[in-house]
Amino acid sequence: MTRVAELWRRIDRNVKILVVVAVVLAVVPFVLSGSSLDIGVRILLFAMLASAWNLMAGYAGLFSFGHAAYFGIGAYATAVLQVDYGWSPWLGMLVGMALAGVFAIVSGYLSFRYRLRGAYFVLTTFAFAEMLRLIFLHWDFVNGAIGLRVPLIRESSWFDMQFPPGSRGYYYVVLAMLLAVLVIVVLLMRSRSGYYIVAIRDNEEAAAAVGVNPMRYKLYAVGLSGALTAMGGTFYFQYIFFIDPALAFGPAVSIQILLPAIIGGMGTMWGPLIGAFLLVPLGELTSGLIRTPPEFLSFLSGRAGLDLMIFGALLVAIIMFLPKGVYGSISDRVTARRQRRQHEEAVT
Amino acid sequence: MATSGAGVTQAGVRRDAVVRWVVTFSVAGIILLINGDRIAELLGPGRSVLLQALVTGLLIGGVYSLVSMGLTLIFGVLHVINFAHGALMTVGMYLAFSLVANLGFDPYATIFVTVGLLLLIGAAVQKLLINRLMDESLEKKLLLTLGLSIFIENLLLVVFSPTPRAVQLTYDSGSVSLFGLDISWPFRAFGTVATLPRSLAFVGALVLAGLLFLLLRRTKLGTAIRAVADNPRGAALVGINVPQIYMLAFALGTACVGAAATLVLPFLSLEPTTGDAFNIIAFIVVVLGGMGNVIGALLAGLLIGVTQQVGGVVFSGQSNLLAVFILFVLALYLRPEGLLGKAKA
Amino acid sequence: MNEQRSPLLSVESVSKSFDGLQALTDVNVVVPQGEITAVIGPNGAGKTTLFNVIAGSLRPDTGRVMFDGGDITGWPAHRVARAGIGRTFQLMKPFASMTVNENVLVAAFERTGRRAEASAKAAEIVERVGLGTWSGQLAGELPTAGQKHLELARALALEPKLLLLDEVLAGILPTERQLVIDLLREIKAAGVTMLLVEHVMAAVMALSDEIVVLHHGAVLAAGTPEQVTCDDRVIEAYLGEEQLIAEG
């Protein structure tokens, strides 16, 4: 028994949490159903997107305000290949991931090579996403503003990533994607590349002085982040059966991707997940309030925008009072206490 | 200090610059070639279309300049990317609209109220919210203003609903006799038309821009603001009340959008999202003009206005913003520090 | 004297100017293998600029840098590091979000890609420089002396052939200096060549095999400590140089 216990102790803490989370999430669909399942799917989707964003912005320190670019590329790659050529969305997903990864690397290279920092870098990421939106809006090949629809089949199909409404298929697909992203993040952050990426974020000059090639590892982080985000774009198209340039590349998308990570805790492993678990239900709750408000809130009836208003206020509050996000602040306090204890023990 | 790539010798920098200029002009040239016939058409038989685009672009460019000068002032002094700039402009527009629709104000008379209120709102936002984060990272400040922008825009949506509103000038066309000259509007010259509201917006914007410039250059307050932008610590050491300057600079920046709001209301349709386009454009203008550079914002605003309209007629199937973005990316590639660099007001 | 063996590092006729300010003028420095060479000079003499040119942060306008038989002029910093030159920074640059161990781990990864191995190596070096009790502490929270030691530990983890140490004794209490001096001697004994920029003259005199004096970006004198301290030009440049040595 002690050998097993010893082995268990040595496994990385995050891996353990990941296993528990995976098991819990896998069981959830048997408890929930119907509309709650839909909320579950959205939570997992945004947790996954936020985690992918977190890789670039949190761990690599490259704040992107235009992740919609990669999301949209993933969605449209799948859409075009499926609608025009009948390809399976899984293949479309791989193509989308590759295209998004390349786009990320090229745009990243331009920014890094010409030393765009701070505000310039952020605005450039935004500009690239907006450019894609504008280009797709008037591009006949992708059906412009009209958008593209998933060709409906009448059964459940894993090959076509399509399931009847209420089925658990979508849930498990997005869960698999989320777990894939989390596993990648865990493995990456324990590896040499992961340490290099964080070192570059903390101090690029010092990292170079210990042999780390800043350009290579920044591009690595950016490319990976872009490719993983594209995966989410593919799923989104399959899930809502439709895509258009605004839904794919709009600023709202970029914002929805980064918010869970910020609120949960940027640069932490679990922040994005926690953020998604907080924000998505909150959004649903307020949308529900608007649709069918109780007596005393009847003036809210039909008022669009209330949910986002709350998001805006929440974001302001979090930035001002909990800048490291919910998870980040807690984690910080725990770490500080542990360190103090460790140091005291070592010294005495 | 370069750690990779671009050489930091004089020769290396020059070589690098040459490459950038060559690539930029090649890309620009290719884009122009692709649209060759359209351009030929515009330069020939379609000349009036091109001229009209130039005029319209210049006129709206004036407003872009005003809005962007406020934004660049805020960035230069507080190092805050004020993402709520567009939303605040929309607030100003709804304010002006309410005054016109409910109290019968003349649209242009609302300027006193919009400027005054936006001044106050800006001061309050800075003092109560942004001030706490002054020493924090750029991204945190951006996220704060982003949150604010989302809040404001959706508050407007909840209060005013998405129904577009508009204001009509009773004196949209007319004439007047000034010093013996008969002036009538809309103004016509060289086959182009300039409507009164757009012309007034242009003139008004430039006048206000000029006033802002004078304030920054010729008054004690302006000097204090420029000092803080340059060196906050040094400014504090010579007795300048830096927190107060932060507040005032932000307020001045938002006052600019207040004024712009009044100026554009007579010719734009008003919805909660109206400020968005101005937001995006202002950011591009500010980067192009050099962040913190007020003159740069003025010139770049005009340039972007023209680019937008001319781009709209050249790339006739596309959004007119596309040309703006292409210019933006090319300019960043070419001169990341902006067309006029870090030179100040 | 190792006249026959070529020097490990050779800076040849290096000049560098910034916007009209001439930081280095025709500087020649030879660093023999296995020895400790110190670069001294008043503030602004160009010492850190020289380091930056050698370590790859800056490209010289003229001249070249030869290391271990190869031309490394203009190589980017990470390539120089991988070639075997480790450096510390005068203004410390810790990886603030990581612990002391992790900071050194990043450097250790250069030698081996496997985490367990690199981690063990890092822990060993952390002990060696005396940061054992701080190993789990976040680097950003270390006191100045600790951060200085961390800089050294990181550079050591690269297993470099040449160490560039930029004011590694600054901010260290006089009582703790001897520890650092002993440590540097140990490192030398292990075969590492060192180039120091240092203001603490006592250490310079105690450690250096060679001294190069920089003044206004040019080499004023070079030689053994005895030769240099008796050199009239050096004494003139530093009024009261001998005083400094006496006070140490």
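Predicted, not measured: the structure shown is a model, and the values here were computed from it.
- Between chain B and the residues A/Phe65, A/Trp139, A/Phe311, A/Phe128, the largest count of heavy-atom pairs under 4.5 Å involves A/Phe65.
- B/Phe151 places none of its side-chain heavy atoms less than 4.5 Å from the side chain of A/Leu308.
- With a 4.5 Å cut-off on non-hydrogen atoms, A/Leu315 touches chain B through its side chain but not through its backbone.
- A/Val122 touches chain B through its side chain: at least one heavy atom from C-beta onward sits under 4.5 Å away, while N, CA, C and O do not.
- Counting all heavy atoms, side chain and backbone alike, A/Leu134 lies closest to B/Ser319 at CD2-OG, 3.3 Å.
- Annotation: the span from B/Arg132 atom CZ to A/Ile319 atom CD1 amounts to 12.5 Å, rounded to 0.5 Å.
- Counting heavy atoms from C-beta on, the side chains of B/Leu322 and A/Leu137 never come closer than 4.5 Å.
- Note: B/Ile152 CD1 to A/Met309 CE = 10.5 Å, rounded to the nearest 0.5 Å.
- When heavy atoms are compared at a cutoff of 4.5 Å, A/Phe136 does not approach chain B at all.
- If you measure heavy-atom distances from B/Leu144 to chain A, the contacts under 4.5 Å come from both the backbone and the side chain.
- Using a 4.5 Å heavy-atom cutoff, the side chains of B/Phe325 and A/Leu132 are not in contact.
- Taking the centre of each ring, B/Phe328 and A/Phe126 stay at or above the 6.0 Å mark.
- The choice from A/Leu258, A/Ile255, A/Ile318, A/Leu110 that makes the most heavy-atom pairs within less than 4.5 Å of chain B is A/Ile255.
- The distance from the CD atom of A/Glu130 to the CD1 atom of B/Ile280 is 4.0 Å, given to the nearest 0.5 Å.
- Contact of B/Leu129 with chain A is made through backbone and side chain together, with heavy-atom distances under 4.5 Å.
- Neither the backbone nor the side chain of A/Leu314 comes within less than 4.5 Å of any heavy atom in chain B.
- Minimum interatomic distance between A/Val316 and B/Leu148 (heavy atoms only, all atoms of both residues): CG2-N, 3.5 Å.
- Looking at heavy atoms from C-beta onward, B/Val324 lies out of side-chain contact with A/Met131 at the 4.5 angstrom threshold.
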